[in-house]
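Here's the structure we're looking at; comments come further down.
All heavy atoms count here, side chains included; hydrogens, waters and symmetry mates do not. Residue numbers start from 1 in every chain, and the chains themselves are labelled A, B, ... in the order their sequence lines are given, proteins ahead of strands.
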Amino acid sequence: MRRKLIENQKPNRKNIEAFQRSLLQWYQKNKRTMPWRDIENPYYTWVSEIMLQQTRVDTVIPYFLRFIEKYPTVKDLAKGEDEDLLKLWEGLGYYSRVKNMKIAAREVVEKYDGVFPKERKALESLKGIGEYTAGAIASIAYEQKEPAVDGNVLRVMTRITGNHGDIKLGKTKKEITHGVRKLLPEENLGDFNQGLIELGAVLCTTAKAPDCEICPVSEFCLAFEKNLQGALPVKGKAMKKRLEKKTVLIFTYKEQLFLRKREERGLLAGLWEFPNIKGHIKEEALKEILEKEQHLAEENLTVENITRLEDSKAVFSHIQWNLMAYQVNLKSSEGPPEGLRIKEDKNYLELPVEEVMDNGRWIPREEVRKDYSIASAFKAYRKEVL
DNA sequence: AACACGGGGGC
DNA sequence: GCCCCAGTGTT
């Protein structure tokens, strides 16, 4: 018979204490090794928690190590360069995270003298720290009695309690958070919250059937008792992606590539990309445009050849880009090359389609590799020319 | 409450 | 091809 944590609307203290012991014991024995784990450094906790938002542990580890090497303390980070931070984040996704981190770092330095606050409310007021992350930092770094409910905990707890609410809804999350709060022990708050999370990550999984046979808390689990593991958690349908066609233009001139910087807001904010335009255009049309292009002529640049590259796809959470691409190799039409004749104040090329070359510049391949974050959406082409 | 916001890995 | 991931900010 299942041991109930709540009976007749009331917490069953004895069972709750047994649950806490089982979970803690399991966690302390089985927890995975992570570079930020079991180090008392709220800055590390914060960096890791931000990186772990919607991102797997294995992906995060190398990013985390590079990050703390370059920015060992929150004070170092507060002085960080945007372009450098973006480079450190390249490929991790959700780039507003790192932008918000710098804002938060400055606030921690100015308002809290470089020490992260320990109160949930104070943590939540920092940019990029929401309900989950505040609870995680408060409990892991400071042993505060606060819940930390992420996707793992939602899965574990809907199963344990048999909650059939849609976990995408705020209502369900609120119920679960409330439930977790009542389960919190008086000590080992960080381990308890991480135990719940770890359980969801390694045993109480969705993609694969959960490994209930070795679960430390299966005796408290309603889904286990009634064999509802496959039915829980309930999650609403994912949003449909909208499709966008794009033509990518990869201009090369000797050792240089033409890149442009994306807007500071919106998708892939501030990252670099190859110029691209809406829709798919044919090679003949492209040739015609390029031959008439005034600025190319002014720079004594002519098209040496055009190669159609392989189509590729970039999938985001809400959009899909269907990409076609041309590599356009340019040459100097005049005399022995003196390098590209582009002056400091005039390093823009303009095609009739204005957006194509906006915010762009020529950059030597070597610099691109070292210093520029190009959106992974273009990785097939980056590989082709870098 | 709904949507914007990435990229990789598992099945 | 679909789903998921140690979520948050904006509208």
Which nucleotide sits closest to the side chain of A:Asn100: B:dG7, C:dG9, C:dA6?
C:dG9
Can you confirm whether the side chains of A:Asn30 and A:Glu198 place a donor and an acceptor under 3.5 Å from each other?
no
Between B:dA4 (C1') and A:Trp321 (CH2): distance, integer Å
14 Å
Could you walk me through whether A:Ser312 and A:Phe378 satisfy the side-chain contact (heavy atoms from CB on, under 4.5 Å) test, starting with their C-alpha distance in whole Å, then the side-chain angles of each, then the deciding distance to 0.1 Å, before giving a yes or no?
CA-CA 8 Å; A:Ser312 72; A:Phe378 301 96; over 6 Å; no
Under-4.0 Å side-chain N/O to phosphate OP1/OP2 contact, A:Tyr94 with C:dG9
no
Could you please name the option among C:dC3, B:dG6, C:dG7 that lies closest to any side-chain atom of A:Ala238?
C:dC3
Could you tell me whether a side-chain N or O of A:Tyr142 sits under 3.5 Å from a main-chain N or O of A:Pro42, the two making a donor and an acceptor?
no
Ring centers of A:Phe64, A:Tyr44 separated by less than 6.0 Å
yes
Which is true for A:Gly266 with a 4.0 Å heavy-atom rule: it touches a base, it touches only sugar-phosphate, or it touches nothing?
sugar-phosphate
Between atom NZ in A:Lys168 and atom P in B:dC5, what is the gap in whole Å?
17 Å
Please report the distance separating the P of C:dG9 from the corresponding atom of B:dG8, rounded so that it comes out in whole Å.
24 Å
Distance, rounded to the nearest Å, where A:Ile319 contributes CD1 and B:dG6 contributes C1'
11 Å
Which dot-bracket string describes DNA chain B (Watson-Crick N1-N3 plus N6-O4 or O6-N4, or G-U N1-O2 and O6-N3, all under 3.5 Å; [ ] crossing; | other strand)?
|||||.|||||
Nearest to side-chain heavy atoms of A:Asn152, which nucleotide of B:dG6, C:dT8, C:dA6:
C:dA6
Whole angstrom value for the distance that separates C1' of C:dC3 from NZ of A:Lys237
9 Å
A:His318 side chain near B:dC5 phosphate (N/O to OP1/OP2, under 4.0 Å):
yes
Determine whether A:Trp321 and A:Phe316 satisfy the following criterion, ring pair (Phe, Tyr, Trp, His ring centres under 6.0 Å), listing intermediate values before the conclusion.
CA-CA 8 Å; A:Trp321 286 351; A:Phe316 304 92; 4.9 Å; yes
Could you check if a side-chain atom of A:Val234 sits within less than 4.5 angstrom of a side-chain atom of A:Leu232, using non-hydrogen atoms only?
yes
With a 4.0 Å heavy-atom cut-off, tell me which residues in residues 172-184 of chain A come close to DNA chain C, sorted by residue number.
none
Contacts of A:Gly91 and A:Lys208 projected onto DNA chain B by closest heavy atom; the upstream (5') one is A:Gly91
Those residues at least two apart in sequence (or on a different chain) that pass ring pair (Phe, Tyr, Trp, His ring centres under 6.0 Å) with A:Phe116 are A:Trp46
Mind checking if A:Tyr132 touches a base, just sugar-phosphate, or nothing, with heavy atoms under 4.0 Å?
base
Residues in contact with DNA chain C, drawn from residues 370-379 of chain A - heavy-atom cutoff 4.0 Å:
none
Donor-acceptor pair, distance only, cut-off 3.5 Å: does the side chain of A:Asp166 make one with the backbone of A:Gly236?
yes
Applied to residues 55-69 of chain A, the side-chain hydrogen bond (donor to acceptor under 3.5 Å, both in side chains) test, sequence neighbours excluded, yields A:Thr55-A:Arg97
What nucleic acid atoms does A:Met101 come within less than 4.0 Å of, heavy atoms only: base, sugar-phosphate, or nothing?
nothing
B:dG6 P sits how many Å from A:Glu244 CD, rounded?
13 Å
Output yes when a side-chain donor or acceptor of A:Asn276 lies under 3.5 Å from a complementary backbone atom of A:Phe274, and no otherwise.
yes
Nearest nucleotide by nearest heavy atom, which residue falls closer to the 5' end of DNA chain B, A:Gly170 or A:Arg97?
A:Gly170
What are the residues of residues 35-71 of chain A, sorted by number, that bring a heavy atom to within less than 4.0 Å of DNA chain C?
A:Arg37, A:Glu49, A:Leu52, A:Gln53, A:Gln54, A:Arg56, A:Val57
Rounded distance (Å) that lies between atom C1' of C:dA6 and atom OH of A:Tyr27:
11 Å
Separation of atom CH2 in A:Trp89 from atom P in B:dG6, rounded to whole Å
12 Å
Choosing from B:dG6, C:dT8, C:dA6, which nucleotide comes nearest the side chain of A:Asp150?
C:dA6
Would you call A:Lys87 and A:Glu90 a salt bridge, taking side-chain N to carboxylate O under 4.0 Å as the test?
yes
Between B:dC5 and C:dC4, how far apart are the two C1' atoms, rounded to whole Å?
16 Å
Check: A:Met1 main-chain N/O paired with A:Glu225 side-chain donor or acceptor under 3.5 Å:
no
Taking atom P in both B:dC11 and C:dA6, what distance in whole Å separates the two?
14 Å
I would like to know whether A:Gln144 and A:Leu189 meet side-chain contact (heavy atoms from CB on, under 4.5 Å); could you show each step before the answer?
CA-CA 7 Å; A:Gln144 298 287 293; A:Leu189 273 299; over 6 Å; no
Spacing of A:Leu86 atom CG relative to B:dC5 atom P, expressed in whole Å:
15 Å
Among C:dG1, C:dG7, C:dC4, which nucleotide sits nearest the side chain of A:Arg155?
C:dC4
Within-4.5 Å side-chain heavy-atom neighbours: A:Ile61 and A:Trp36
yes
Would you say A:Lys240 places a side-chain N or O within less than 4.0 Å of OP1 or OP2 belonging to C:dC2?
no
Proximal nucleotide (of C:dG9, C:dA6, B:dG6) relative to the A:Lys127 side chain
C:dG9
Looking only at heavy atoms, which two atoms of A:Asn152 and A:Ala201 are closest? And how far apart?
OD1-N, 3.4 Å
Starting the side chain at C-beta, find the nucleotide from C:dT8, C:dG1, B:dA2 nearest to A:Lys313.
C:dG1
Picking from B:dG7, B:dC5, C:dA6, which would you name as closest to the side chain of A:Ile197?
C:dA6
I'd like to know if the side chain of A:Lys261 and the backbone of A:Trp272 have a donor-acceptor N/O pair within less than 3.5 Å.
no
